[in-house]
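Keep in mind that the numbers below use all heavy atoms, side chains included, and drop hydrogens, waters and symmetry copies.
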Amino acid sequence: MGEAAARTPAPSAWERWLPALVVAVTAIAYVPALTAGFVNWDDQDYATNNPLIQNFSNFSKFFTTPVQGNYHPLTMVSLALNHAISGVDPFSYHLFNLLLHLLNAWLVYRLVWKMTDSNAFVAFAVSWWFALHPMHVESVAWVSERKDVLYTAFFMSGLTQYLDYLDQGSRRQYWICFLLFVASVMSKPAAIIFPAILFLFDFLRKRPFSLKALTDKLPFALVSALFLYLTLTAQTSAGATPTSEFYGWGKRIFFPFYGYMMYLWKLVFPYRLTAFYPLPPINEALSQAYYLSPLVFAATAYASLRTWKRHREIAFGFGFYFLNLFLVLQLFLVGSAIIAERYTYVPYTGLFFIAAWWLDRSMAGRKSLAYRLVLASGVVLAILTFRQARTWENTATLWDNAIRSRPGAKAYTNRAYQHQLDGEFDKAMQHYTKSLQYNVIDAEVYYNMGVISFNQQRDSLALVHYNKALQYRPAYADAFNGRGSVYARMGRSVEAFADFDASLKINPEYALAYKNRASSHFLKNNYDSAIADFKRYVLRNPGDAEAHSNLCVCFMNRGDNEEALRHCDTAIQRDPQFAKAYTNMGAAYINLGQFDQALEKLQTSFGLDSFNEETLKFLSLAYLRSGDTARAYSIFEYAQRARSTQ
């Protein structure tokens with residue numbers, strides 16, 4: 001066992017209520033998060049459009065299916081629970097995140113309480129700042145960061161058990177610590193650093209380095225190695241690619257130091273917070289801050305080495321901060337962000353501990369003033385957190401804030417895409433154009449601009465954008481499919497088929513390309529080929545009523561009306577309000593000479609859409625063929641009037 005810290009006075013009666021104060025104030029600060037929606041940044045993959053979480057029928061899939069290049073099965077189980085409770089209503093997801101954050105604040109209090117031998121002031125200050133710092137809003141208000149708040153709960157609980165093991169020597173507590181660590185790393189791979197953090201606690205407790213101390217960490221290290229392998233495998237499978245080729249070592253060497261420094265800066269000055277902090281421009285010199293950052297790192301390292309014998313709390317705090325940041329300091333450059341606010345969720349605990357410990361020592365005789373300072377700082381942080389939580393209300397507010405705070409390609413692209421989804425095509429194009437000013441080689445932006453131009457019937461411009469997308473990403477299935485659709489509409493069928501074929505060669509499971517190629521075959525009267533492609537499409541999208549209805553038309557044109565009826569019936573099962581399916585079914589019955597059935601289906605279609613010319617044409621024909629010329633003529637006149645008023 002290691003040495004315990006010096007005994008501190010027992011907490012007073014009112015100090016026992018401090019954890020409740022932390023929870024209450026934090027809950028108020030995060031009220032905006034409870035009314036927030038989902039955002040277009042990973043929430044589709046994690047929550048709103050993730051078949052993995054939609055049922056528990058195959059529970060093993062949670063443990064075999066990575067999501068977004070990460071292996072975190074317990075996180076996915078927790079999101080599945082949310083889906084079972086509220087489907088895609090975001091309230092329960094945000095409530096769970098907040099409840100986990102409140103739990104984490106209490107767990108931090110409990111951990112620091114044990115670290116300091118029941119020092120209520122230090123425990124309160126650390127948990128207070130942890131709970132209320134606005135840099136932590138991203139981890140709480142963003143549904144996709146469930147992994148952050150969940151892994152932290154197990155992480156902090158495990159460290160508390162390890163302290164109990166060091167102080168009491170119970171093997172039971174050791175193995176409970178191990179199980180909590182396993183749960184933590186199954187919630188987020190960032191927990192693989194846990195074994196290194198255990199050495200820090202040995203250091204804090206003055207546990208001598210020995211073979212026993214080393215072998216204690218062996219089971220943890222083996223699990224960390226396994227999860228590191230699983231994570232790297234998942235990221236490789238997901239296509240996570242390094243961006244290091246765009247930056248030489250002359251720049252890259254400063255990135256980890258810059259991140260280390262900027263997280264310190266944001267701790268003290270949490271302003272201009274944003275969802276995305278882009279890497280520096282590729283073709284510009286680094287700012288002076290990058291060259292200053294190694295000195296900041298050296299200064300904190302020197303402070304730790306200088307004081308580790310007399311005040312090892314400082315070395316412990318900086319060590320806790322550095323080790324928990326180590327894996328996300330862009331040592332190996334991946335992605336396009338230089339820092340991210342969510343990465344501070346656990347590491348800041350070490351810095352809060354240094355600040356609280358120093359304040360406790362320097363104001364030992366003025367504890368009342370110390371409490372007032374901590375409380376006042378918390379009020380300021382709570383206000384900032386409340387304001388920051390409001391920026392996560394929806395996609396628009398999130399990226400509007402990002403554009404105001406730190407404009408860059410990612411912010412403009414994501415905001416543009418939301419405009420695109422809302423049908424605000426001109427605004428979307430403006431934001432995509434802005435995005436290209438920051439990243440001129442973004443193939444996805446050119447692709448989306450091509451989609452918008454296509455929707456606006458601007459085919460020549462759509463071709464320009466799709467060609468640009470393919471220039472920067474030659475194996476871009478979506479862009480080939482999009483360009484093929486343009487060629488098809490322009491009547492350039494040879495080029496259209498070539499592009500659809502290229503798209504499907506890249507991605508044989510790309511359903512939309514099958515649908516578009518099927519439509520092109522249909523226009524060329526190649527009904528057998530159209531049927532084959534529509535079948536491939538509905539195999540991958542069985543719920544698409546329109547595709548089944550199109551199959552109905554293909555079979556009618558091929559003369560197989562019985563098979564046409566079967567597919568129309570399937571379309572109606574998929575969507576009972578789909579008028580076109582009833583119209584096509586009515587047409588098939590006319591071909592079969594079954595006019596009563598035809599009239600029944602066509603009247604249903606007329607009830608759903610009384611102005612559709614094709615429905616009116618077939619309805620008039622059905623009456624005429626059944627011998628009711630008066631009604632046939634009446635429908636014909638109605639169709640003429642309807643056409644003149646449109």
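- Taking the side chain as every heavy atom from C-beta outward, Phe56 and Phe62 approach each other to under 4.5 Å.
- Tyr446 and Tyr432 have their aromatic ring centers separated by at least 6.0 angstrom.
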Item checked: Pair Asn97-Trp142, side-chain hydrogen bond (donor to acceptor under 3.5 Å, both in side chains): steps then yes or no -> CA-CA 8 Å; Asn97 275 23; Trp142 186 15; over 6 Å; no

Check: How far apart are the C-alpha atoms of Thr583 and Thr615, what are their side-chain angles, what is the distance that settles it, and do they pass the side-chain hydrogen bond (donor to acceptor under 3.5 Å, both in side chains) test?
Finding: CA-CA 6 Å; Thr583 299; Thr615 301; 2.6 Å; yes

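- Between Tyr412 and His431, the ring planes are tilted. Angles from 30° to 60° get that label.
- Asp533 and Arg517 are joined by a salt bridge, as a carboxylate oxygen and a charged side-chain nitrogen come within less than 4.0 angstrom of each other.
- Salt bridge annotation for Glu614-Lys617: absent, with no cationic side-chain nitrogen under 4.0 angstrom from a carboxylate oxygen.
- At a threshold of 4.5 Å between non-hydrogen side-chain atoms, the residues Phe555 and Asn561 do not count as touching.
- Salt bridge Glu509/Arg540: present, at least one basic N to carboxylate O contact under 4.0 Å.
- Taking 4.5 Å as the limit, every side-chain heavy atom of Lys427 sits out of range of all side-chain heavy atoms of Asp422.
- Under the 6.0 Å cut-off for aromatic ring centres, Phe96 and Tyr93 do not qualify, their centroids lying 6.0 Å or more apart.
- Between Asn481 and the options Asn516, Asn507, Asp499, a side-chain hydrogen bond (donor to acceptor under 3.5 Å, both in side chains) holds for only Asn516.
- Salt bridge status for Arg574 with Asp544: absent, with no side-chain N to carboxylate O gap under 4.0 Å.
- Remark: Arg566 engages Glu563 in a salt bridge, criterion side-chain N to carboxylate O under 4.0 Å.
- For Phe480 and Phe500, the ring centers sit 6.0 Å or farther from each other.
- For Tyr447 and His465, the gap between ring centers reaches or exceeds 6.0 Å.
- Neither side chain, Asn467 nor Gln471, offers a donor N or O lying under 3.5 Å from an acceptor on the other.
- In this structure, the ring of Tyr582 has its center no less than 6.0 angstrom from the ring center of Phe578.
- Residue Arg473 qualifies as enclosed at atom CZ: its count of foreign heavy atoms under 6.0 Å is above 12.
- You'll find the ring centres of His521 and Phe534 outside the 6.0 Å limit.
- The aromatic ring centroids of His72 and Tyr46 lie less than 6.0 Å from each other.
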